[in-house]
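Report on the following structure.
Just so it is clear, the values below take in all heavy atoms, side chains as well, and ignore hydrogens, waters and symmetry mates. Atoms within each ligand, like the ligands themselves, are counted from 1 in listed order.
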Amino acid sequence: MHDLLVKAGTVVTASGPRKLNIVIDGGLITSLSTEDLCLDQFKNVIDAEGMIVVPGGVEPHAHIGGPRQPERSGAEPVSKAALFGGTTTVLDFATQIPGHDLYHALEEAEERWSGNAYTDYAYHPILTNGADENSISQIKDLTREGIASFKVFTTSIRPPSPQMQNNHTDFGRLSTIMDRVSESGSILLVHSEDDEMVHYNYDRLKDADEWDWWNMHRVHTNQSEDVSFRRVSRLAELKGCPIYFVHVSAKEGVEEVVRSRAAGLPIYGETLHNYACFTYEDYRSKDGMKYHTYPSLKSEHDRDSLWQGLMDGSLSTIATDLVSTTWEEKIKFRTVADVTGGHNGIETRMGVAYTEGVVKRGMSLQRFVDITSTNAAKIMGLYPRKGVIAPGSDADITIMDPTVDKDLSLSDLHLEDYSIWEGYRVKGWPKSVVHRGKIAILDGELLSTPSYGEFLPRCISGEIIEGPAC
Ligand SMILES: [Zn+2]
């Protein structure tokens with residue numbers, strides 16, 4: 001008797017889409033076959049005929065709230081929404097606080113997640129402003145313990161304020177951090193903007209009395225992304241350090257990722273599904289700060305180049321940069337200096353990527369799977385346990401219904417009291433989700449519990465570290 005059969009769906013495997021049966025036992029995929037199987041041999045069967053069957057989504061970039069950030073949603077509601085959206089793995093951050101080391105940050109992250117996780121999870125430690133030698137040296141130990149990615153910011157993002165910790169890393173320290181990352185076999189995530197340009201732009205707009213939020217793209221500019229990406233990739237080249245640029249927002253960012261990858265450097269670019277669908281013109285609408293995520297939305301021209309990058313393989317992943325707050329919190333602040341960043345779109349990521357990519361732009365199903373699951377799993381050291389439908393892999397499977405054609409309403413979604421995607425027309429949407437062999441969502445009904453999600457230790461493969469592998 002087998003545990004579960006996902007029957008006769010169009011299954012997107014590493015070699016392309018094909019009508020297959022997926023047999024699942026003990027939480028793992030045990031076989032894929034084209035033959036008719038005797039249904040009596042299975043405890044459970046999901047009929048996936050006519051459905052698109054893909055690996056569970058891997059969200060590489062989410063900021064989950066905890067006791068220090070009570071204005072944000074925590075692991076339980078976020079991971080539940082992720083699951084409804086077809087995502088079975090979420091990577092959060094463990095932010096160092098001044099005066100404490102990275103292990104302390106990880107304890108805080110574990111407290112947030114343990115027992116509250118509908119999805120599997122892991123964290124990227126963030127080195128904060130002025131990180132000391134002791135914390136930087138922990139990169140090596142942590143990598144050995146399965147925490148294999150770290151994050152830095154090359155800007156403090158905003159003028160000094162009590163609401164936001166300064167995580168700016170200077171290039172001197174960055175050079176040492178890259179040494180440690182390179183030696184340890186981990187990967188460095190970089191929020192890359194030119195700090196001096198950003199702060200000059202704040203000063204300039206303040207003097208000109210153009211302080212409203214809709215000027216955000218004039219603070220967090222294309223030029224700042226251009227210069228900072230080049231500086232980071234040059235230092236990474238000198239240090240032999242693999243880099244994952246989070247939230248590429250501008251054409252210039254895409255171009256630098258393309259240039260450095262063509263030179264053989266292990267550099268990877270992520271964009272966000274909100275960046276790929278909105279522009280700074282949307283800031284001008286009523287309460288248009290709801291669209292904001294740092295650095296900023298850019299022009300239509302930039303949006304086109306993000307899609308080009310997602311289609312042609314220059315960009316590797318589509319993420320959310322999740323920070324989930326209530327509507328009240330999201331629209332509370334209204335100037336370029338204090339507007340609330342972040343996007344509660346962890347549930348919409350796969351459905352929007354399918355609609356915009358596969359349906360509107362003719363993206364292959366294979367490529368859709370790459371940008372929503374496989375590449376994040378590879379880059380972050382989870383592959384082939386995650387990110388692929390293959391014998392031996394975790395049975396994390398999302399069944400998408402390609403016949404769904406509707407305007408999204410808040411009643412379709414499960415996180416917070418607003419969404420920038422309300423009224424957005426989706427064509428194709430996740431219907432059922434299998435998570436490590438368990439039916440977690442069946443026809444839109446939640447069957448899982450928040451004690452099911454597990455912490456995932458990670459190890460980055462040599463292929464990812466040596467050159468641009470995906
Ligand atoms: Zn972020």
Side-chain angles (χ1 to χ4, degrees), residues 57-66 68-69 71-75 78-79 81-82 87 89-97 105 108-109 112-113 121-129 149-158 163-169 187-193 195 198 216 219-220 224-225 228-229 232 243-250 253 268-276 278 289-298 306 315-325 329-330 338-349 376 379-380 415-416 420:
V58 179
E59 161 62 88
H61 187 164
H63 302 265
I64 310 300
R68 280 197 306 114
Q69 289 144 330
E71 72 284 1
R72 295 180 184 173
S73 289
V78 170
S79 61
T87 289
T89 298
V90 174
L91 283 94
D92 183 17
F93 294 88
T95 308
Q96 187 187 7
I97 352 173
E108 285 193 337
R112 290 198 294 276
W113 278 96
Y121 57 94
Y123 338 104
H124 317 282
I126 295 177
L127 289 137
T128 191
N129 180 254
S149 53
F150 300 85
K151 184 180 181 188
V152 292
F153 294 74
T154 63
T155 177
S156 58
I157 303 176
R158 301 213 300 214
Q163 306 149 21
M164 203 156 167
Q165 179 179 309
N166 178 3
N167 290 327
H168 173 212
T169 291
I187 188 165
L188 190 63
L189 283 63
V190 187
H191 174 129
S192 183
E193 293 188 85
D195 193 58
V198 165
M216 196 59 101
V219 176
H220 299 273
S224 156
E225 183 162 316
S228 183
F229 272 43
V232 167
I243 298 292
Y244 179 84
F245 282 114
V246 293
H247 49 51
V248 177
S249 67
Y268 303 90
E270 160 200 286
T271 193
L272 310 177
H273 70 301
N274 40 327
Y275 280 1
F278 298 97
M289 75 287 287
K290 71 180 176 184
Y291 296 106
H292 181 61
T293 288
Y294 289 98
S296 75
L297 292 168
K298 300 291 195 297
L306 297 178
L315 294 178
S316 303
T317 59
I318 192 160
T320 61
D321 201 353
L322 175 122
V323 175
S324 183
T325 65
E329 195 69 36
K330 186 69 182 170
D338 61 8
V339 67
T340 303
H343 172 206
N344 65 355
I346 203 158
E347 187 171 358
T348 46
R349 186 180 70 104
I379 296 164
M380 299 307 165
L415 191 57
E416 299 303 355
I420 61 171

query: Which class fits the ring pair Y294 and H220: parallel under 30°, tilted 30 to 60°, perpendicular over 60°?
result: perpendicular

- prompt: At their closest point, which heavy atom of L297 faces which heavy atom of F278, and how far apart are they?
  reply: CD2-O, 3.7 Å

task: State, without any angle test, whether S149 and K151 hold a side-chain donor-acceptor pair at a distance under 3.5 Å.
output: no

- request: Could you pull out the N/O/S protein atoms under 2.8 Å of the Zn ion (ligand 1), ignoring any water?
  value: H61 NE2, H63 NE2, D321 OD1

field: Passing option when I346 is tested against L415, D321, I64 for side chain to side chain contact (heavy atoms under 4.5 Å, CB included)
entry: L415

statement: In H61, H191, E270, the residue satisfying side chain to side chain donor-acceptor pair (under 3.5 Å) with H247 is H191

message: Is it true that T95 and Q165 share a donor-acceptor pair across their side chains at a distance under 3.5 Å?
response: no

